[in-house]
Amino acid sequence: MSCTSRSIFIGRAALFLCCVSHVAMANDSPSFPGGAVSQLKPKQQPGLQLAGRREADRPISEYLVSEKFDGVRGRWTGNSMMTRSGHPIRVPPWFTKGFPKDPLDGELWIGRQQFEAISALVRDKDAEPERWRAVSFLVFDYPAIDSPFGERYSLAVKRYAHLSPFLHVIPQRRIQDSQALNVELDKMVAQGAEGLMLHHQDARYRAGRNGDLVKLKRYQDAEAKVIAHLPGKGKYLGMMGSLEVETSGGIRFKLGTGFSDEQRRHPPAIGSTVTYKYYGLTQNGVPRFASFMRIREPL
């Protein structure tokens with residue numbers, strides 16, 4: 001997944017806030033920290049909401065913060081599970097037994113650093129039903145209610161927290177300032193989490209990019225040797241499309257983003273070393289969302 005992004009610094013960590021196709025918010029306790037649920041007006045189910053801001057533009061204390069789960073986006077329609085693009089997901093009847101008739105927005109998740117496993121399961125139309133016992137549907141929003149996010153969340157906890165062992169409302173809590181946010185990010189990443197989600201307490205659910213929703217990550221960087229130049233397509237026809245590179249541990253992967261047009265016309269030489277940034281590793285040790293940063297010039 002690619003997105004427009006930039007790095008900022010909060011305290012000592014390099015933090016990455018970007019627009020992404022995932023939203024996740026919830027709270028440590030069943031009651032929303034800030035008040036009771038006001039009058040809630042049902043509305044027609046909209047399209048999926050997507051994060052749409054590169055950085056938090058309001059005080060951190062006004063956001064609700066949760067872990068960013070690296071699963072597969074799921075939309076429960078009230079009677080079936082769908083992918084982000086609207087394709088049906090074949091789940092065993094017992095998996096959704098007890099699920100509500102209301103539409104829910106969430107994530108199908110197996111565990112941290114298990115994206116490949118849940119992705120393969122969702123794509124496998126002939127999967128053994130028992131494989132779904134390792135899956136949870138993590139609910140992060142209730143799009144049918146036209147109310148601020150905090151109220152939607154509070155209602156979701158009250159209505160859905162105990163309906164099924166496979167359905168969970170994602171825990172969420174408040175964080176008071178950037179320093180505390182930095183500490184929380186460090187802790188979660190150290191535990192294997194992908195990052196954090198920040199959702200403004202007053203945000204309404206709306207289809208498309210939502211500027212009140214941001215994703216927070218800390219990137220890492222490393223070096224790899226250029227093995228091959230792979231040709232470009234479309235607007236990059238006649239130029240380098242991506243590099244095949246190899247890490248010091250023997251892991252090979254492609255670098256296809258982060259290059260200027262000039263760098264694509266004159267790519268780093270085969271055998272040279274490049275620096276790239278990435279956001280954690282897959283289960284197989286491949287850098288996630290790797291992007292070219294620069295050529296490491298020999299000293």
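Predicted model, so just to flag it, every value in this text is computed and none were measured. Numbers here are sequence positions counted from 1.
- Residue Glu62 holds its CD atom at 13.0 Å from NE2 of His199, rounded to the nearest 0.5 Å.
- Put simply, the side chain of Leu185 reaches to within 4.5 Å of the side chain of Leu216, judged on heavy atoms.
- Side-chain contact between Phe292 and Ile295: present, with at least one pair of heavy atoms (C-beta onward) separated by less than 4.5 Å.
- To the nearest 0.5 angstrom, Glu128 atom CD is 11.0 Å from Leu121 atom CG.
- Take Ser61 and apply the side chain to side chain contact (heavy atoms under 4.5 Å, CB included) test, not counting sequence neighbours, and it matches Pro59, Gln176.
- Ser147 places no side-chain N or O within 3.5 Å of a backbone atom of Glu151 that could act as its donor or acceptor partner.
- Of all non-hydrogen atoms in Pro143 and Pro103, the two that sit nearest each other are CD-O, 3.8 Å.
- Counting heavy atoms from C-beta on, the side chains of Val245 and Ile227 never come closer than 4.5 Å.
- Taking each heavy atom of His200 and Tyr63 in turn, the nearest pair found is N-CD2, 3.4 Å.
- Applying the salt bridge (charged side-chain N to carboxylate O under 4.0 Å, His left out) test to every pair with at least one member in residues 88-103, sequence neighbours left out, gives these pairs: Asp102-Arg159.
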Does the side chain to side chain contact (heavy atoms under 4.5 Å, CB included) test come out yes or no for Gln201 and Arg174, once each step is laid out?
CA-CA 10 Å; Gln201 61 190 14; Arg174 289 185 183 275; 2.7 Å; yes
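- Sorted by first and then second residue, the ring-ring contact (aromatic ring centres under 6.0 Å, His included) pairs involving residues 106-125 (not counting sequence neighbours) are Phe69-Trp109.
- Closest approach of Ser66 to Pro171, counting heavy atoms only: CB-O, 3.3 Å.
- The shortest side-chain heavy-atom distance between Met82 and His87 does not fall under the 4.5 Å cut-off.
- Residues Leu163 and Tyr153 share a single hydrophobic cluster, defined by chaining ILVMFWY side chains whose heavy atoms lie under 4.5 Å apart.
- Annotation: side-chain hydrogen bond (donor to acceptor under 3.5 Å, both in side chains) contacts of Thr275 (sequence neighbours excluded): none.
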Side chain to side chain contact (heavy atoms under 4.5 Å, CB included) assessment of Met81 paired with Arg75
CA-CA 6 Å; Met81 190 70 71; Arg75 164 64 66 84; over 6 Å; no
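- Taking the salt bridge (Lys or Arg N to Asp or Glu O under 4.0 Å) definition, one finds that Asp124 meets it with Arg131, sequence neighbours left out.
- Judged purely by atom type and a 3.5 angstrom limit, Ser119 has no side-chain atom pairing as donor or acceptor with the backbone of Glu116.
- Applying the salt bridge (charged side-chain N to carboxylate O under 4.0 Å, His left out) test to residues at least two apart or on different chains, the pairs with a partner in residues 256-271 are Glu262-Arg265.
- Among all heavy-atom pairs drawn from Glu107 and Asp70, the shortest one is OE2-C, 4.0 Å.
- In this structure, Trp76 has its ring center closer than 6.0 angstrom to the ring center of Phe99.
- Hydrophobic cluster membership differs between Val286 and Leu230, with clusters built from Ile, Leu, Val, Met, Phe, Trp and Tyr side chains linked at under 4.5 angstrom.
- Taking the side chain as every heavy atom from C-beta outward, Leu243 and His229 approach each other to under 4.5 Å.
- Here the side chains of Tyr142 and Tyr160 are in contact, with some heavy-atom distance below 4.5 Å.
- Expressed to the nearest 0.5 Å, how far CD of Gln191 lies from CG of Asp186 amounts to 11.0 Å.
- Between the side chains of Thr77 and Asn79, a donor-acceptor pair is found at a separation under 3.5 Å.
- For the pair Leu255 and Ala290, the tightest heavy-atom approach, listed with the atom from each and the gap, is CD2-CB, 3.6 Å.
- With sequence neighbours excluded, the residues satisfying ring-ring contact (aromatic ring centres under 6.0 Å, His included) with Tyr276 are Phe253, Tyr278.
- Between the CE atom of Met197 and the CZ atom of Phe140 there is a distance of 7.5 Å, given to the nearest 0.5 Å.
- Looking only at side-chain heavy atoms (C-beta outward), Glu223 and Arg296 come within less than 4.5 Å of each other.
- In this structure, Phe95 has its ring center closer than 6.0 angstrom to the ring center of Phe166.
- Considering all non-hydrogen atoms of both residues, Ser178 and Ile60 come closest at OG-CG1, 3.8 Å.
- Follow the hydrophobic side-chain contacts under 4.5 Å out from Phe137 and you reach Leu155 in the same cluster.
- In this view, Arg294 satisfies the salt bridge (Lys or Arg N to Asp or Glu O under 4.0 Å) rule with no residue, not counting sequence neighbours.
- Rounding to the nearest 0.5 angstrom, the gap separating the OG1 atom in Thr96 from the CG atom in Leu167 is 10.0 Å.
- Applying the side chain to side chain contact (heavy atoms under 4.5 Å, CB included) criterion to Glu184, with sequence neighbours excluded, gives Arg173, Ile175, Lys187, Met188, Leu196.
- A distance of 5.5 Å separates CG in Asp221 from CE in Met293, rounded to the nearest 0.5 Å.
- Take Val122 and apply the side chain to side chain contact (heavy atoms under 4.5 Å, CB included) test, not counting sequence neighbours, and it matches Val72, Ile89, Leu108, Ile118, Trp132.
- Within the structure, side-chain hydrogen bond (donor to acceptor under 3.5 Å, both in side chains) pairs that include any residue of residues 230-251 comprise Glu246-Arg252 (at least two apart or interchain).
- Side-chain contact of Asp105 with Tyr205: a donor-acceptor pair under 3.5 Å is present, judged by distance alone.
- For the salt bridge (Lys or Arg N to Asp or Glu O under 4.0 Å) test, residues two or more places apart in sequence or in another chain that qualify with Arg112 are Glu67.
- In this structure the side chain of Leu281 never reaches within 4.5 angstrom of the side chain of Gln113, judged on heavy atoms.
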